[in-house]
Number of protein chains: 2
Amino acid sequence: MDTKIHLASDAPCHHDFKTNCSNCRLNTLCLPLSLESKDIDALDAIVQRSKPIHKNEYLFHEGDVFNSIYAVRSGSIKAFATTDDGREQVTGFYFPGELLGMDGISRNIHASTAKALETSAVCEIPFDSLGELSAKIPNLQRHFFQLMSREITEDQQLITLLSKNSADERIAALLLSISSRNARRQLSANRFRLPMSRVDIGNYLGLTIETVSRVIGRLQKKSILQVDNKEVAILDFDALTEIAHTKVSHQEAS
Amino acid sequence: MDTKIHLASDAPCHHDFKTNCSNCRLNTLCLPLSLESKDIDALDAIVQRSKPIHKNEYLFHEGDVFNSIYAVRSGSIKAFATTDDGREQVTGFYFPGELLGMDGISRNIHASTAKALETSAVCEIPFDSLGELSAKIPNLQRHFFQLMSREITEDQQLITLLSKNSADERIAALLLSISSRNARRQLSANRFRLPMSRVDIGNYLGLTIETVSRVIGRLQKKSILQVDNKEVAILDFDALTEIAHTKVSHQEAS
DNA sequence: CGGCTCTTTGAATCACATCAAGGCCCGTGG
DNA sequence: CCACGGGCCTTGATGTGATTCAAAGAGCCG
């Protein structure tokens with residue numbers, strides 16, 4: 001989409017303008033990292049960059065045959081499972097540089113549905129090819145194990161949050177998590193736009209939308225936040241951290 | 001233990017009676033499975049079988065340097081994280097044939113503590129060696145990816161349980177989970193002993209011990225369960241399944 | 001403008017937590 | 001053998017944070 005200008009050139013060099021793993025500015029967040037350039041090229045060769053998906057479009061559905069995992073390049077994705085009575089349990093929000101779909105590996109069937117919260121670009125990484133490549137590139141294998149393990153520790157942090165923390169603490173922890181993930185991408189840690197609705201927040205944190213709304217209202221009244229619909233400004237970072245006394249340490253891949 | 005009779009033989013073949021991966025009766029539950037015998041031997045060579053650990057002893061602590069994952073051979077283990085205010089969040093109970101410790105891979109530091117609920121035997125599997133071996137044996141790599149993925153889906157089921165289900169539903173789901181894991185090991189699905197205390201159950205399900213106790217009492221009054229301290233008999237399996245309407249499908253590795 | 005969906009706010013209710021007491025089991029020691 | 005103490009579990013009375021129900025405001029689009 002943002003490469004259309006170059007089509008004027010008649011040389012067969014439109015390839016130069018394509019995104020690839022080595023020029024991707026997220027490549028230290030996503031899979032590569034500490035790979036030699038020939039290894040990055042090998043990885044690049046298996047990664048498929050499809051056209052952007054629009055808000056409310058699906059990347060995969062629960063029950064679909066599992067073939068690939070996905071890396072978010074831009075935008076944001078929510079993953080959720082549907083309970084038998086039709087309610088959504090959001091299992092994660094995924095931002096650029098983050099990987100999703102690893103819950104499909106165990107049964108070769110996706111265990112959750114992934115839906116775009118806004119127009120987003122993703123890299124599709126066929127899992128079989130990734131496995132083969134991992135066997136040849138020890139660093140890649142290790143890194144992928146680490147990414148799966150990170151998903152596990154993050155799920156366990158969410159378990160603790162749901163099990164032990166009040167509504168205020170849960171909301172504070174989520175805001176801080178989004179903030180720190182923004183910072184990791186060199187974006188503002190204090191001002192950002194929430195891509196998800198209040199319903200999604202509720203379905204992630206195990207709260208109703210009314211409670212979400214009330215907590216946010218409360219935090220505004222205390223001048224900790226300033227919220228205008230989806231736009232959030234964190235006015236008092238320390239106070240927010242204090243409320244979310246739960247440590248939301250954001251581990252980096254080694 | 002059940003091989004002692006054979007010691008009468010005077011041939012220098014006491015090795016034959018040592019536990020190893022190929023004669024382990026759990027080997028379809030744990031790592032191997034569909035490996036050729038030379039591959040099982042290679043795996044066997046890196047697995048360390050230490051002496052049994054006793055009730056309340058630790059396998060590893062949160063914060064310890066991560067070196068190995070562990071497979072339970074007998075007994076049972078609980079894994080938990082400690083919140084900053086000192087409370088325990090139990091993240092899982094592990095029975096024979098199940099693997100734990102994978103949350104330590106991402107940062108090379110254990111993210112949880114593992115403690116024996118009763119006298120237990122475990123296999124220690126050094127992770128570096130497992131990685132190297134995985135690179136050589138595609139089936140092993142795939143199987144290990146699947147095991148990690150299973151941990152993710154199970155954590156996500158717990159997230160849903162905590163977020164969406166009542167105390168009664170949570171307890172019913174846990175009992176059914178233990179029941180089906182017993183069945184997988186050819187044990188009774190209807191009568192078993194809970195190795196964990198009410199406190200542990202509460203810390204796993206996000207409930208207080210009083211609530212756990214009340215729910216169990218209620219289920220007894222309805223003649224769905226018969227409970228004598230830690231001994232549980234499921235009298236009405238269908239009713240229990242009905243209460244835990246959450247599907248606790250127990251996926252098997254393909 | 002009207003008709004959506006999403007969000008906010010208030011009042012009533014409920015499920016679970018908290019507080020408090022008592023029971024049971026088991027080991028230890030007189 | 002019984003008495004005592006300490007875990008662990010159960011049961012009841014009371015409190016409370018979050019849900020539920022209800023209604024109205026705010027943003028968005030045809």
Side-chain angles (χ1 to χ4, degrees), chain A residues 54-56 78 83 85 87-90 115 117-119 161-175 193-222 225-232 243-245, chain B residues 54-56 78 83 85 87-90 115 117-118 161-175 193-222 225-232 243-246:
Chain A
H54 297 104
K55 181 168 175 166
N56 292 330
K78 77 164 169 179
T83 61
D85 53 341
R87 291 175 301 169
E88 273 184 19
Q89 174 62 46
V90 174
K115 189 173 183 178
L117 291 169
E118 59 195 312
T119 302
L161 197 67
L162 291 173
S163 165
K164 296 266 190 291
N165 293 91
S166 69
D168 294 53
E169 292 163 342
R170 294 183 208 181
I171 300 271
L174 174 60
L175 291 173
R193 183 170 193 285
L194 295 175
M196 71 293 284
S197 70
R198 302 288 192 264
V199 180
D200 292 332
I201 294 177
N203 282 336
Y204 180 65
L205 296 177
L207 300 170
T208 59
I209 47 171
E210 293 95 327
T211 302
V212 172
S213 184
R214 273 185 254 271
V215 169
I216 291 178
R218 225 175 289 157
L219 293 175
Q220 277 193 96
K221 211 159 291 166
K222 291 202 258 177
L225 294 183
Q226 187 184 318
V227 181
D228 176 27
N229 206 359
K230 309 217 160 176
E231 294 295 333
V232 175
I243 291 173
H245 54 39
Chain B
H54 298 103
K55 181 168 176 169
N56 293 330
K78 77 165 170 177
T83 60
D85 53 342
R87 291 175 301 170
E88 272 184 20
Q89 175 62 46
V90 174
K115 189 173 182 178
L117 291 169
E118 57 195 314
L161 197 67
L162 291 174
S163 166
K164 296 265 190 291
N165 293 90
S166 69
D168 294 54
E169 292 163 342
R170 295 182 208 180
I171 300 273
L174 174 60
L175 291 173
R193 181 168 195 286
L194 295 174
M196 72 293 283
S197 69
R198 302 289 192 265
V199 180
D200 291 332
I201 295 177
N203 282 337
Y204 180 65
L205 295 177
L207 301 170
T208 59
I209 48 172
E210 293 96 327
T211 301
V212 172
S213 183
R214 272 184 256 271
V215 170
I216 292 178
R218 225 175 286 155
L219 293 175
Q220 276 193 97
K221 211 158 288 165
K222 292 201 257 178
L225 295 183
Q226 187 184 318
V227 181
D228 176 26
N229 206 0
K230 309 218 160 172
E231 293 295 333
V232 175
I243 290 172
H245 53 42
T246 237

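Below, chain A is the first sequence line, B the second, and so on; all start at residue 1.
Minimum interatomic distance between B/Y204 and B/V90 (heavy atoms only, all atoms of both residues): CD1-O, 3.5 Å. Of all heavy-atom pairs between A/S163 and B/Q89, the closest is OG-OE1, 2.6 Å. The minimum heavy-atom distance between A/R198 and A/I216, with the atom names listed, is NE-CD1, 3.9 Å.
Here C/dC6 presents its P atom at 13 Å from CZ of A/R193, a figure rounded to the nearest Å. As a whole-Å value, the separation of B/L205 CG from C/dA15 C1' is 16 Å. The CD atom of B/E231 sits 18 Å away from the P atom of D/dC8 (whole-angstrom rounding). Distance A/L194 CG to C/dT7 C1': 13 Å, rounded to the nearest Å. When the P atom of D/dT10 is taken as reference, atom CZ of B/R218 falls 13 Å away, rounded to whole Å. Distance CZ (A/R198) to C1' (D/dA18): 18 Å, rounded to an integer number of Å. Regarding A/I243, its CD1 atom lies at a distance of 16 Å from the C1' atom of D/dG17, rounded to whole Å. Distance, A/D228 CG to C/dT7 C1': 12 Å, rounded to whole Å.
In this structure, B/M196 and A/V212 both approach DNA chain D, and ranking their closest nucleotides by distance from the 5' end singles out B/M196.
Across all strands shown, A/G202 has no heavy atoms under 4.0 Å from either base or sugar-phosphate atoms. The residue B/I216 sits apart from the nucleic acid: no heavy atom pair falls under 4.0 Å. As judged by a 4.0 angstrom heavy-atom cut-off over every strand, A/S197 is placed among residues touching the sugar-phosphate backbone only.
The side chain of A/E210 has D/dT20 as its nearest neighbour among D/dT20, D/dT11, C/dT7. Closest contact between the side chain of A/D168 and the listed nucleotides D/dA18, C/dT9, D/dT19 involves D/dA18. Of the candidate nucleotides D/dT20, C/dT7, C/dA17, C/dA17 has the atom lying nearest to any side-chain atom of B/L207. Set against C/dT18, D/dT11, C/dT8, the side chain of B/T208 has C/dT18 as its closest nucleotide. Checking C/dG10, C/dA17, D/dG12 against the side-chain heavy atoms of A/R214 singles out C/dG10 as nearest. Across C/dT7, C/dC19, C/dA17, the shortest atom-to-atom separation from the side chain of A/N229 is found for C/dT7.
A/D85 and A/T83 form a side-chain donor-acceptor contact under 3.5 Å, judged by distance and modelled atom types alone.
A close approach under 4.0 Å does occur between a side-chain nitrogen or oxygen of B/T211 and OP1 or OP2 of C/dA17.
The existence of a salt bridge linking A/R193 and A/E231 is confirmed by a sub-4.0 Å separation between a basic side-chain nitrogen and an acidic carboxylate oxygen.
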